[in-house]
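Working notes for the structure below.
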Amino acid sequence: MADIVDNKDRTDKKSLNFIESIVERDIKDYPENKSILTRFPPEPNGYLHIGHAKSICLNFGLAEAYGGKCNLRFDDTNPETEETEYVDSIKEDIRWLGFDWENREYYASDYFDRLYDFAILLIKKGFAYIDDQSAEEVSATRGTPTKPGIESPYRGRPVGENLDLFERMKNGEFPNGSKLLRAKIDMSSPNMWLRDPALYRIKKVSHHRTGDAWCIYPMYDFAHGQSDYIEGITHSICTLEFEVHRPLYDWLLDHIAEGPRPHQYEFARLNLNYTVMSKRRLLELVNGKYVNGWDDPRMPTISAMRRRGYTPVSIRNFSERVGVAKRDNIIDVAFLEHAVREDLNKIAQRRMAVLDPVKLVIVNYTEGKVESLKARNNPENEEDGFREVPFGRELYIEREDFMEDPPKKFFRLVPGGEVRLKYAYIIKCEEVVKNPETGEIIEIRCSYDPDTKSGMTGSQRKVKGTIHWVSIDQSIKTEVRLYDRLFIDEDPAGKKDGTDFKDYLNPNSLKILKDVPVEPSIIGAKPLNKFQFERKGYFCLDPDSSSDKLIFNRTVTLRDTWAKKK
RNA sequence: UGUCCGAUGGUGUAACUGGCAACACGUCUGAUUUUGGUUCAGAAGAGUCCAGGUUCGAGCCCUGGUCGGACAACCA
């Protein structure tokens, strides 16, 4: 990971985000051999997205920076929504991003026995009770943020009875929803989470890891903090919506923990414009077939970004640069795109492909002759060397690279004008052949100057533009998928006018191009290999490709100041 | 009429114990360029939500507002 841009050199006084400041404050008091322990705690009920990537980079990055460790812990306390498929995808994504949790792969479900014991401890201390009210009653008596709740009639149940009932809950004696273990705190607290929150509920559902061993499962609030405590987490970092849970997090630990305890800190989650980030909405897009699965390259999931051609380095750089703070934010996708271009520019080999081809014939070039031209693989990295590109009398060029009536600053091919064919010759447009019926240009006829072959002194001649091309006879036909933003609105999910986020889906977010000619050196490309198609953008070989059908995903276009002028 | 959190160029973050607003993206010039890419040089753009106060001095501290967000699943 040496190629991560290191703008976080701790030897000089770089500015710290507020969490780093907290860590630096805390480690001052640590003994020599001790450091921080963080954790990334995903719930395996969906795929990870770019927002999770930020959290992963934060938690693992903090550990890395301060000589600590970061655990991977699955928060698997709700078997109804959790699946092994998600566990696997999450592990793959974290690994791909370049982080290693070594042997510290934990599950809240590993702690079900201890959590159960903690619950008994709480009951014995008189801090928890079994409530026989229905979910509706519990909800109705909770009050509102401005009105206090009403105490449950079962609140005063004796400890012995609570203990007995809790055990029988565990043994499966009661139906789902008939009983609930609640903390006994304060039904009139202004903090809703302190109004006797649920700790354990009955759910006769088999769990993806513990099977049918349990029919009661701990709630998030009871599982999370206690798991942090069990693992010896020092800094438990989560997003802002858990801020109101912190008093409960601390309350539980107050009554359970002995010795060193974890502390929770909250930061503002990452938001990106022109997309949605909640798992619920992403799941809706997947289930409703608005996209082709979790890894559809238009999705903001890590697996989708991987398939689209993003690199781990680019995502890590991005995550680092967006910063960590507590105020709400919406990051411009352009910022993300800048991060990929920056990395891809350095590592992607260049190839020529013509996305919207028009035939070009070089009238004075010998028929049937094929030359092999040398082309640099990557001007940003000389070690990538050269490849051979076949050149012949009939080529494809980009339709938009020719104009009969060009605007002032157009410096591509025009009637009677000259242009350089990259790596090849300077050509001059002599004639345009059109379909007499439609007026569509079907062929551009040019002459070439044999003295202007790249590398020859004649090639020094100044021409106004250089365009890319592909020799028709030697070209490989491929499929190219052009992606655009999934939504036409910056904040599709933030509407208060009753519209649904799906109302803002971009109907042109995917455009499939068939039979795109690419230079033959593309043969042998492997899934996820990244290329820059000269002047067009960065592309990545889709894993759905086969040896006789290559499919490319456009990761991102090149910066295009010309397109902006138009 | 509750509690908690937040507010700095278009966007995102900085500004160490108060010392005269910085960096990145974006935008706009210009140079270089066999990618209208990259690179390089430069510019514009905020006076820090508002009103008071403390201070020689406030984005940082205090008071009161305003605006935004979170919280009323047996979800996490």
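In what follows, every heavy atom counts, from backbone to side chain, and hydrogens, waters and symmetry copies are set aside. Here is how names work: the chains are called A, B, and so on, in the same order as the sequence lines, proteins then strands, and each is numbered from 1.
Mapping P218(A) and T144(A) onto RNA chain B via the closest heavy atom, the residue that lands nearer the 5' end is T144(A). Toward the 5' end of RNA chain B, the nearer of the two residues F18(A) and M219(A), judged by each one's closest nucleotide, is F18(A).
Taking every side-chain heavy atom of S15(A) into account, rA14(B) is the closest of rA14(B), rU35(B), rC74(B). With rU13(B), rG37(B), rC75(B) as the choices, the nucleotide that has an atom nearest any side-chain atom of P379(A) turns out to be rG37(B). The listed nucleotides are rG68(B), rC74(B), rC75(B); the one nearest the side chain of V138(A) is rC74(B). Distances from the side chain of V244(A) to the nucleotides rA70(B), rU1(B), rC74(B) place rA70(B) closest. Taking every side-chain heavy atom of K326(A) into account, rG6(B) is the closest of rA15(B), rU13(B), rG6(B). Of all nucleotides listed (rA76(B), rU35(B), rG36(B)), rA76(B) comes nearest to the side chain of E82(A). The side chain of K409(A) approaches rG36(B) more closely than any other nucleotide in the set rG36(B), rG68(B), rC74(B). Among the nucleotides rG36(B), rU33(B), rA70(B), the one closest to any side-chain atom of D560(A) is rG36(B). Nearest nucleotide to the side chain of I331(A), out of rG12(B), rG6(B), rC74(B): rG12(B). Here rC5(B) is the nucleotide among rU35(B), rC5(B), rU13(B) with the atom lying nearest to any side-chain atom of E243(A).
If you check every strand for non-hydrogen atoms under 4.0 Å, V324(A) touches sugar and phosphate atoms only. R142(A) comes within 4.0 angstrom of the backbone, heavy atoms only, and of no base. Heavy atoms of K464(A) sit nowhere under 4.0 angstrom from any nucleic acid atom. Note on F242(A): a base of the nucleic acid sits closer than 4.0 angstrom, heavy atoms only. Nucleic acid contact for I426(A): none, since no nucleic acid atom lies under 4.0 Å from a heavy atom of the residue.
At the phosphate of rC75(B), OP1 or OP2 sits under 4.0 Å from a side-chain N or O atom of K203(A). Phosphate proximity of rC75(B) to R201(A): present, with a side-chain N or O under 4.0 Å from OP1 or OP2. In this model, the phosphate group of rC74(B) is not approached by any side-chain N or O of S139(A) to a distance below 4.0 Å at OP1 or OP2. Between R327(A) and rC49(B) there is no side-chain polar atom (N or O) within less than 4.0 angstrom of OP1 or OP2.
Side-chain N/O atoms of H245(A) and base N/O atoms of rA70(B) include no donor-acceptor pair closer than 3.5 Å. At a cut-off of 3.5 angstrom, the base of rG36(B) holds at least one donor-acceptor pair with the side chain of R412(A). E380(A) contributes no side-chain N or O that forms a donor-acceptor pair with the base of rU39(B) under 3.5 Å.
Separation of the P atoms belonging to rC49(B) and rG68(B) is 16 Å when rounded to the nearest angstrom. The C1' atoms of rA46(B) and rU13(B) are separated by 14 Å, rounded to the nearest whole Å. Comparing the same atom, P, in rC75(B) and in rG65(B) gives a spacing of 39 Å after rounding to whole Å. Of the P atoms belonging to rG10(B) and rC4(B), the separation is 32 Å, rounded to the nearest Å. Here, rA72(B) and rU1(B) have their C1' atoms 16 Å apart, quoted to the whole Å.
Among residue pairs with one or both ends in residues 137-152 of chain A, those qualifying as salt bridge (charged side-chain N to carboxylate O under 4.0 Å, His left out) are E151(A)-R155(A); sequence neighbours excluded. Each salt bridge (charged side-chain N to carboxylate O under 4.0 Å, His left out) pair with one or both residues in residues 77-86 of chain A, not counting sequence neighbours, appears once here: E80(A)-K203(A). Listed by first then second residue, pairs satisfying salt bridge (charged side-chain N to carboxylate O under 4.0 Å, His left out) with a partner in residues 172-189 of chain A read D131(A)-R182(A), D132(A)-K179(A), R168(A)-E173(A), not counting sequence neighbours.
The closest donor-acceptor contact from the side chain of N162(A) to the backbone of Y129(A) lies at 3.5 Å or more, if one exists at all.
In this structure, K170(A) is positioned above the aromatic face of Y116(A), its NZ or CZ under 6.0 Å from the six-membered ring centre and within 45° of the axis. Annotation: cation-pi pair R281(A)/F501(A) present, NZ/CZ under 6.0 Å from the ring centroid and within 45° of its normal.
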> Given the rule that a pair is Watson-Crick or G-U wobble with both distances under 3.5 Å, how would you write RNA chain B in dot-bracket, using | for pairs to a different strand?
Replying inline: .((((((..((((.....[..)))).(((((.......))))).....(((((..]....))))))))))).....
When you compare the protein's N or O atoms with those of nucleotides 25-28 of chain B, which come within less than 3.5 Å of each other, and at what distance?
| unit_1 | atom_1 | unit_2 | atom_2 | d |
| --- | --- | --- | --- | --- |
| rU27(B) | OP1 | K564(A) | NZ | 2.2 |

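For the atom pair E136(A) CD and T141(A) OG1, the distance stands at 11.0 Å (nearest 0.5 Å).
Applying the 90° cutoff around 0 to the glycosidic angle, rG18(B) is assigned anti. For rA73(B), the O4'-C1' to base torsion is within 90° of 0; the nucleotide is therefore syn.
Take F242(A) and apply the ring pair (Phe, Tyr, Trp, His ring centres under 6.0 Å) test, not counting sequence neighbours, and it matches Y220(A), H245(A). Residues passing the side chain to side chain contact (heavy atoms under 4.5 Å, CB included) test with L272(A) are I50(A), T275(A), M277(A), F318(A), I331(A), V333(A), L336(A), sequence neighbours excluded. Taking the side-chain hydrogen bond (donor to acceptor under 3.5 Å, both in side chains) definition, one finds that E371(A) meets it with Y365(A), Y425(A), K453(A), sequence neighbours left out. Residues meeting the side chain to side chain contact (heavy atoms under 4.5 Å, CB included) test with I27(A), sequence neighbours left out: V23(A), Y30(A), I36(A), Y66(A). With sequence neighbours left out, the ring pair (Phe, Tyr, Trp, His ring centres under 6.0 Å) criterion links F112(A) to H207(A), W214(A), Y217(A).
Closest approach of C429(A) and V414(A) over heavy atoms only: CB-O, 3.3 Å. Between V419(A) and T466(A), the shortest heavy-atom contact is CG2-N, 4.2 Å.
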>> Checking F487(A) against Y274(A) for the ring pair (Phe, Tyr, Trp, His ring centres under 6.0 Å) test, could you report, in this order, the C-alpha distance in whole Å, the side-chain angles of both residues, the deciding distance, and whether it holds?
In response: CA-CA 5 Å; F487(A) 294 91; Y274(A) 296 105; 9.2 Å; no
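Residue R350(A) forms a side chain to side chain donor-acceptor pair (under 3.5 Å) with just one option from N377(A), N378(A), D384(A), and that option is N378(A). Each of W294(A), Y86(A), F40(A) was scored for a side-chain contact (heavy atoms from CB on, under 4.5 Å) with L48(A), with one residue passing: F40(A).
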> Tell me, for nucleotides 41-46 of chain B in 5' to 3' order, what letter each nucleotide earns: B for a base near a protein heavy atom under 4.0 Å, S for only sugar-phosphate near one, - for neither?
Replying inline: ------
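Stacking annotation: Y220(A) is not stacked on the base of rA76(B) (requires ring centroids less than 5.5 angstrom apart and an interplanar angle below 30 degrees).
In the region residues 182-193 of chain A, proximity to RNA chain B at under 4.0 angstrom, judged on heavy atoms, holds for P190(A), M192(A), W193(A).
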